Peer 1: 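If you scroll down you'll find the structure; I have some questions about it.
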Amino acid sequence: MTTPESSSAGNFIREIVAQDLKAGKHGGRVVTRFPPEPNGYLHIGHAKSICLNFGIAQDHPGGICHLRFDDTNPTTENMEYVEAIQADVRWLGFDWDNRMFFASDYFEPLYQYAVQLIKKGKAYVDSLSADEIREYRGTLIEPGKDSPYRTRSVEENLDLFQRMRAGEFEDGTHVLRAKIDMASPNVNLRDPVLYRIRHVAHYRAGTKWCIYPTYDYAHPLSDAIERITHSICTLEFEDHRPLYDWVLDHVDVPCHPQQIEFARLNLSHTVMSKRKLLELVEKEHVTGWDDPRLPTLKGLRRRGYTPEAIRAFCEHIGVAKRDAVVEMALLEHFIREDLNRRAPRVMAVLQPLRVVIDNYPEGQVEQLEAVNNPEDPSMGTRKVPFSRVVYIEQEDFREVPPKKFFRLAPGQEVRLRYAYIIKCVGVVKDERTGKVVELHCTYDPETRSGSSQAGRKVKGTLHWVSAAHALEAEARLYDSLLMTDAGDTEEGRDWTTRLNPNSLERVTGCRVEPSLADAKPGSRYQFERQGYFCVDPDSSKDTLVFNRTVPLRDSWAKIEKARQEQ
RNA sequence: UGGGGGAUCGUCUAGUGGUAGGACGUCAGACUCUGGAUCUGACUACCUAGGUUCGAAUCCUAGUCCCCCAGCCA
């Protein structure tokens, strides 16, 4: 039945769906929907919802999931977002087939339902100002009071509402409200606004309308029109459920979908709210919506995340009703797991230190065989050139090596990956700064990889590139966006003070092996011993640009850190 | 002092009256031509106090703490 992979996928919502199905509640149908508002880009929190909604549909034979744009507010929405959202959902790996809908396509039936409500005496045109409506609403602990317009006749309401539609009134002069209960302890039931006047063009409906329905009114009806069975949303809509049900109970709709709420995703060390993401972009704390530091789908994609990793993450975090902050380390685990299996290995030196192998013949070049992925032999091997001068990583040499430093130091031996064992016999320093600028080593010709003496043990193996053959590259190393783990909702002090000033480190002058010459934007590699990297769209033939998706786990770094903290 | 929700390892999550389990993480070790991967072991939890019961994370009572709601946003 359930594979080990999917056994963790059970959750209370899937249980409800399964039980409803068993009870024949919706005639055996399972229809969910993902209902973004096209006023921003999707982030990994949306991915959780997408995986849930599309996932539930996929779980059941005949189950379907709609993509519906909740575009009832013409002042913030546009076509660019519609297209970007579609691209992101597709990239994530989900297909809505021909089931793409727009709330704006329902404006006419929505209007007719409103007329129904008015005729039943369940809605009225209010002519209070926005401020007055707020005052009349009361507070959380005091009941509201009825608007003086609440008792208008059905005829007058019908007339006024029709004239609202016809454009006879200015913005803000009238609204259509549900007639429920101004004294309800649930403020959402204190005669909520159903329609407001906005003399602005809608990006799809054009100037056909100057009244627009609110979310609370449009959403349940859109669900009903599409015959959604399970309308899954986040916790903050829990208080709205009585209103959702009220709307459907008072008009003549074909069905009554069930609203179910779950806790939205929070991720440590980053922000997820539209407001904060927008602020980061607008104040240029990041370069754009696809900045690889952002948890947007565009950002994660550019960073090198795979859809598979994001989906696996979404399956494993679970779905529940309690507020939670998932550690970024968990997301990183899933991208490492995915890329470990799939990413070809390659050698790249981020901060080069020149090494001259004194006893290696000048002008000689050997093509050494390197494994593309030890996890997957079918990925084959490649040749890497080796010559007398190579670069190694600056941090792989210490003039005074600390305990357990299994790398290069004066008099010490290490293996160069896929090549020879070398020994450090000389250190050249800059006279003024004292900085180590070059190493002299000797190599043992008997120790070439695969040869008879190759089995000789040394404690460390270093990655390297041949100086004469290396390509130049830039590496963009990312760290978490926020320094603390204070979550996404902290009040008071300006949250941007928690931004990590070192969230991006650009390293230029990197040297990478020549096999990377034709690396295409978007392709992912493991730079051995360092991390997973992805070719950035900024990359060109002249300068390769790599984004570090995530570093490899680094037990040496841990040892050093622990030592420092002592 | 209104209404609606929620509290289980550091984190996320299972459990639905019968041995509190998994994953991430952390620590220790094995292995390794990536200090990666892999493998082994260890680690730590039922918000509190009562009650019901042979037996309670689960049921009852009373507390405590946290989240959401007063847009003509969604």
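Within every chain, numbering begins at 1; the chains are lettered A, B, ... in the order of the sequence lines, protein sequences first and strands thereafter. None of the values given here were measured: they were computed from a predicted structure.
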Peer 1: Considering residues at least two apart in sequence or located in another chain, which fulfil the ring-ring contact (aromatic ring centres under 6.0 Å, His included) criterion with A/Tyr215?
Peer 2: A/His219, A/Phe237

Peer 1: Flag the pair A/Glu446 and A/Arg456 as a salt bridge only when some basic side-chain nitrogen lies within less than 4.0 angstrom of an acidic carboxylate oxygen.
Peer 2: no

Peer 1: With sequence neighbours left out, what residues match A/Leu552 under side chain to side chain contact (heavy atoms under 4.5 Å, CB included)?
Peer 2: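 Only A/Gln526, A/Tyr532 meet the side chain to side chain contact (heavy atoms under 4.5 Å, CB included) criterion with A/Leu552.
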
Peer 1: Could you check A/Asp323 against A/Arg241 and say which one's nearest nucleotide on RNA chain B is further toward the 5' end?
Peer 2: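 Final value for this comparison: A/Arg241.
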
Peer 1: For a quick check under 3.5 Å, do A/His66 and A/Glu226 share a side-chain donor-acceptor pair by atom type?
Peer 2: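 Checked: A/His66/A/Glu226 side chains pair up, N/O donor to acceptor below 3.5 Å.
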
Peer 1: Using the test ring-ring contact (aromatic ring centres under 6.0 Å, His included), find all partners of A/Phe169 that sit at least two apart in sequence or belong to another chain.
Peer 2: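 Per chain and number, A/Phe169 pairs via ring-ring contact (aromatic ring centres under 6.0 Å, His included) with A/His174.
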
Peer 1: At 4.0 Å (heavy atoms only), tell me whether A/Pro143 reaches a base, stays on the sugar-phosphate, or touches nothing.
Peer 2: nothing

Peer 1: What is the nucleic acid contact for A/Glu15, judged by heavy atoms within less than 4.0 Å: base, sugar-phosphate only, or nothing?
Peer 2: base

Peer 1: Between A/Ser555 and B/rG36, is there a contact of a side-chain N or O with OP1 or OP2 at under 4.0 Å?
Peer 2: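 So the side-chain polar atoms of A/Ser555 do come within 4.0 Å of the phosphate oxygens OP1 or OP2 of B/rG36, strictly under.
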
Peer 1: Using atom CZ of A/Arg341 as one end and atom P of B/rU38 as the other, report the distance to the nearest whole Å.
Peer 2: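 Checked: the CZ to P distance equals 11 Å.
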
Peer 1: When the C1' atoms of B/rA20 and B/rC27 are considered, how many whole Å apart are they?
Peer 2: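 Looking at atom C1' only, B/rA20 and B/rC27 are 23 Å apart.
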
Peer 1: Tell me what A/Leu462 touches on the nucleic acid: a base, only sugar-phosphate, or nothing, going by heavy atoms under 4.0 Å.
Peer 2: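 Nothing, no nucleic acid heavy atom in range.
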
Peer 1: Using the salt bridge (charged side-chain N to carboxylate O under 4.0 Å, His left out) rule, collect all pairs that involve residues 233-246 of chain A, keeping only residues at least two apart or in two chains.
Peer 2: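 Checked against salt bridge (charged side-chain N to carboxylate O under 4.0 Å, His left out) - neighbours excluded - the pairs reaching residues 233-246 of chain A are A/Glu236-A/Arg264, A/Glu238-A/Lys321, A/Arg241-A/Glu261.
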
Peer 1: Looking across every strand, which nucleic acid part, if any, lies under 4.0 Å from A/Phe313 by heavy atom: base, sugar-phosphate, or nothing?
Peer 2: nothing

Peer 1: Counting only distance, no hydrogens or angles, is the base of B/rG36 paired donor-acceptor with the side chain of A/Glu375 under 3.5 Å?
Peer 2: yes

Peer 1: Taking any heavy-atom pair under 4.0 Å as a contact, classify A/Ala557: base, sugar-phosphate, or nothing.
Peer 2: nothing

Peer 1: Write down the atom of A/Phe397, the atom of A/Cys424, and the distance for their closest heavy-atom approach.
Peer 2: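 The pair with the smallest heavy-atom distance is CE1-SG, 4.0 Å.
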
Peer 1: In what stems does RNA chain B take part, counting only runs of at least 3 consecutive Watson-Crick or G-U pairs whose two distances fall under 3.5 Å?
Peer 2: B:2-7 with B:64-69, B:10-13 with B:21-24, B:25-30 with B:38-43, B:47-51 with B:59-63

Peer 1: Can you name the side chain to side chain contact (heavy atoms under 4.5 Å, CB included) partners of A/Ala263, sequence neighbours left out?
Peer 2: A/Leu235

Peer 1: Not counting sequence neighbours, which residues clear ring-ring contact (aromatic ring centres under 6.0 Å, His included) with A/Phe262? List them please.
Peer 2: none

Peer 1: Classify every nucleotide of nucleotides 69-74 of chain B by which part a protein heavy atom approaches to under 4.0 Å, writing B for the base, S for the sugar-phosphate alone and - for neither, in 5'-to-3' order.
Peer 2: BBSBSB

Peer 1: Of all residues at least two apart in sequence or in a different chain, which pass the side chain to side chain contact (heavy atoms under 4.5 Å, CB included) check with A/Pro148?
Peer 2: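 A/Pro148 satisfies side chain to side chain contact (heavy atoms under 4.5 Å, CB included) with A/Leu128, A/Tyr136 once adjacent residues are dropped.
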
Peer 1: Base, sugar-phosphate or nothing for A/Arg336? Non-hydrogen atoms, less than 4.0 Å.
Peer 2: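 Nothing, no nucleic acid heavy atom in range.
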
Peer 1: Rounded to whole angstroms, how far apart are CD on A/Glu395 and C1' on B/rG35?
Peer 2: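 After rounding, the reported distance stands at 11 Å.
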
Peer 1: For a quick check, tell me whether the side chain of A/Glu327 and the base of B/rG10 share a donor-acceptor pair closer than 3.5 Å.
Peer 2: yes

Peer 1: Could you state the atom-to-atom distance from CG of A/Leu235 to C1' of B/rG6 in whole Å?
Peer 2: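 Answer to the nearest Å: 8 Å.
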
Peer 1: Among all residues two or more places apart in sequence or in another chain, which pass the side-chain hydrogen bond (donor to acceptor under 3.5 Å, both in side chains) test with A/Ser555?
Peer 2: none

Peer 1: Just how far, in rounded Å, is C1' of B/rG36 from CG of A/Asn373?
Peer 2: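 Going from CG in A/Asn373 over to C1' in B/rG36 covers 11 Å.
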
Peer 1: Return the polar atom pairs (N/O with N/O) between nucleotides 39-43 of chain B and the protein under 3.5 Å, or none.
Peer 2:
none

Peer 1: Considering every strand and a 4.0 Å limit on heavy-atom distances, what is the contact class for A/Tyr212: base, sugar-phosphate, or nothing?
Peer 2: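 Nothing, no nucleic acid heavy atom in range.
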
Peer 1: For A/Glu332 and B/rU26, what is the distance between atoms CD and P respectively, to the nearest whole Å?
Peer 2: 11 Å

Peer 1: Give A/Gln526 one of three labels, base, sugar-phosphate or nothing, depending on what nucleic acid heavy atoms sit under 4.0 Å from its own.
Peer 2: base

Peer 1: Decide if the gap between the ring center of A/Tyr195 and the ring center of A/Tyr217 is smaller than 6.0 angstrom.
Peer 2: yes

Peer 1: Tell me whether the side-chain N/O atoms of A/Arg322 come closer than 4.0 Å to OP1 or OP2 in B/rU8.
Peer 2: yes

Peer 1: Not counting sequence neighbours, which residues clear ring-ring contact (aromatic ring centres under 6.0 Å, His included) with A/Tyr41? List them please.
Peer 2: A/Tyr81, A/Trp289

Peer 1: What does A/Arg417 touch in the nucleic acid at a heavy-atom separation under 4.0 angstrom: a base, only the sugar-phosphate, or nothing?
Peer 2: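 Base contact.
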
